[in-house]
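In what follows, a single structure is set out as structure tokens and then discussed.
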Amino acid sequence: MLLFAPGADALAANSAVAKREELRELRGRIEALQKRLSVAEESKTEAADALQESERAISDANRSLRELAQQSRATNRQLAELHAASRAQESRLKSQQALLAQLLYQQYLGARSDPLKLLFNREDPNQIARQLHYYSYVSRARTELIGNLRADLAQVQELARETETKAAELAAIAAEQATQRRRLEQEKRARSLVLTRISRDIQKQKREIGTLRRDENRLTRLIEQLGRLLSRTPPRARAGPRLRNERVPDASSAGSPFQALKGRLSLPVRGELGNRFGSQRSDGGIVWKGLFIASKAGEEVKAIASGRVVFADWLRGFGNLLIIDHGDSYMSLYGNNETLYKQVGETIGGGETIAAVGNSGGNADSGLYFEMRHQGKPFDPLTWVSVR
């Protein structure tokens, strides 16, 4: 009995199935973790919780619009290619039609020298042979041209059908975009009404040290449990003058181990640093565990390095929060976003857009809350990044 090794296609298919299963399992475990955290919450009545549903919906609608815009661009490119191919095919068809017309006309002119007439007229046999050869050549050329014409005509018709299909896809995408825009505007109005109603309560609760500590403990528990789930204390810094960051991450660090990137990273968004790691918070008796980078709403948030998304959801105190696992027990956290563009399990590269700046979670100012952690413990991001 002969044994055959599996081919490359089979191995690739098995690998893809295994990756999908791994992603499904990871998402299931993280979803279970989120449910456990929700059940374990100390209080269900904090004012900012009223924003949860609308801020999640705003993030989802914005992500859908971004994905639809990418689909629309891709479909438009395909449509342009189909139009170009159709024009080229029609031009080729016209050229072949002209050539066939010329060939038929020449054959018509030569019809007076019919092969039978040549024989009966007792003309030179060599001349007759040359004429007969010419007739066979013309006949073959005519048959070939007609076959090409039929194939080209079928191709033009197929291109027309594909063009019609793509145009219909584009119309469907446009309709879905309109639906998502209406949904987005509706959710923004709902959030605005809720925020107006509860803004005083939010500010009052944010001044309470207990609330701030619960927010930090909540995030710490999340990080610790994510660390365990994935199976993988710095000195206080003095507050200094405000820095402004203008450089954002790019793909230049691709392939480098995360530990080797110390001092070479960039902050994830352009803006002004509103606080420093370890400095006293003005609204309570605890210190900052990360950086708040004041930036305009909608500004793109970039991943500081490659990794995998292990959390992408709304978390009390941090709004729409995204966490990336960079390996070797290093994580980066991006909070208060208006939109999360990536979902749990997605692999991303350094410099890739992962979110849009906002003020979710009841934050008064637009900007990004950014942390870096190792083995669940926060450390000063400014020791790892270059601010310009």
Could you tell me whether the side chain of S54 and the main chain of E187 form a donor-acceptor pair under 3.5 Å?
-> no
Here the pair of heavy atoms bringing V357 nearest to S295 is CG1-O, 3.6 Å
CD (E53) with more than 12 external heavy atoms under 6.0 Å = no
Check for a donor-acceptor pair, side chain of T165 on one end and backbone N or O of R161 on the other, with a separation under 3.5 Å.
-> yes
Test side chain to side chain contact (heavy atoms under 4.5 Å, CB included) on V309 and Q343 and set out the steps.
-> CA-CA 7 Å; V309 177; Q343 294 178 296; over 6 Å; no
Could you tell me whether a side-chain N or O of R373 sits under 3.5 Å from a main-chain N or O of M331, the two making a donor and an acceptor?
-> no
Heavy-atom distance under 4.5 Å between the side chains of L273 and L382, does that happen here?
-> yes
Within-4.5 Å side-chain heavy-atom neighbours: R264 and S256 = yes
Can you check whether I354 reaches K302 side chain to side chain, under 4.5 Å on heavy atoms?
-> no
Look up atom CD in E338 and atom CG in N62, then write down how far apart they are to the nearest 0.5 Å.
-> 5.0 Å
Within the side chain of H326, is there an N or O that forms a donor-acceptor pair under 3.5 Å with the backbone of S306?
-> yes
Just by modelled atom types, is the G361 backbone N or O under 3.5 Å from a matching donor or acceptor in the E55 side chain?
-> yes
Side-chain contact test, heavy atoms from C-beta onward, threshold under 4.5 Å: evaluate it for R181 versus E185 and give yes or no.
-> no
With no hydrogens and no angle check, is any side-chain donor or acceptor of T339 less than 3.5 Å from a backbone partner on A356?
-> no
Looking only at heavy atoms, the pair that brings A355 and N337 closest together is CB-OD1, 3.5 Å
Would you name the heavy atoms of G290 and Y369 that are closest together and state the gap between them?
-> N-OH, 3.2 Å
Heavy-atom closest pair (P249 atom, A303 atom, distance to 0.1 Å) is CB-O, 3.2 Å
Connected via hydrophobic side-chain network under 4.5 Å: L315 and V344 | yes
Measure the acute angle between the ring planes of Y330 and H374, then classify it against the limits of 30° and 60° as parallel, tilted or perpendicular.
-> parallel
With the 4.5 Å side-chain cut-off for hydrophobic clustering, are V269 and I348 part of the same group?
-> yes
Step-by-step side chain to side chain contact (heavy atoms under 4.5 Å, CB included) determination, I304 to F370 | CA-CA 11 Å; I304 59 169; F370 175 63; 3.8 Å; yes
Under 3.5 Å, is there a donor-acceptor pair between the side chain of D325 and the main chain of R308?
-> no
Going from CH2 on W314 to CD on Q52, what distance comes out if it is rounded to the nearest 0.5 angstrom?
-> 5.0 Å
In terms of hydrophobic clustering (I, L, V, M, F, W, Y; side-chain heavy atoms under 4.5 Å; direct or indirect links), are L226 and L321 co-clustered?
-> yes
Gap between atom CD1 of I324 and atom CZ of F258 - 0.5 Å precision | 9.5 Å
With a 3.5 Å cut-off and no angle check, do the side chains of Q186 and R183 form a donor-acceptor pair?
-> no
Gap separating the CD atom of E300 from the CG atom of L368, nearest 0.5 angstrom = 13.0 Å
Derivation of the side chain to side chain contact (heavy atoms under 4.5 Å, CB included) call for N336 and N359 | CA-CA 5 Å; N336 301 131; N359 63 337; 5.9 Å; no
Determine, using the 4.5 Å side-chain heavy-atom cutoff (strictly less than), whether V387 and W384 are members of one ILVMFWY cluster.
-> yes
Inter-residue atom distance L291.CG - L333.CG, 0.5 Å rounding = 11.5 Å
Heavy atoms, side chains only, cut-off 4.5 Å: are V248 and S266 in contact?
-> no
Distance-minimising heavy-atom pair for G263 and S386 | O-CB, 4.2 Å
What closest approach, in Å, do S366 and K296 show between heavy atoms, and which atom pair accounts for it?
-> OG-C, 3.5 Å
Atom CD in Q177, atom CG in L170: separation rounded to 0.5 Å?
-> 8.5 Å
Give every residue pair that meets the side-chain hydrogen bond (donor to acceptor under 3.5 Å, both in side chains) criterion with at least one member in residues 66-75, sequence neighbours excluded.
-> none
Do I173 and L184 share a hydrophobic cluster, counting only Ile, Leu, Val, Met, Phe, Trp and Tyr and linking them when any side-chain heavy atoms are less than 4.5 Å apart?
-> no
Flag the pair I323 / L222 as yes when at least one side-chain heavy-atom distance between them is below 4.5 Å, and no otherwise.
-> yes
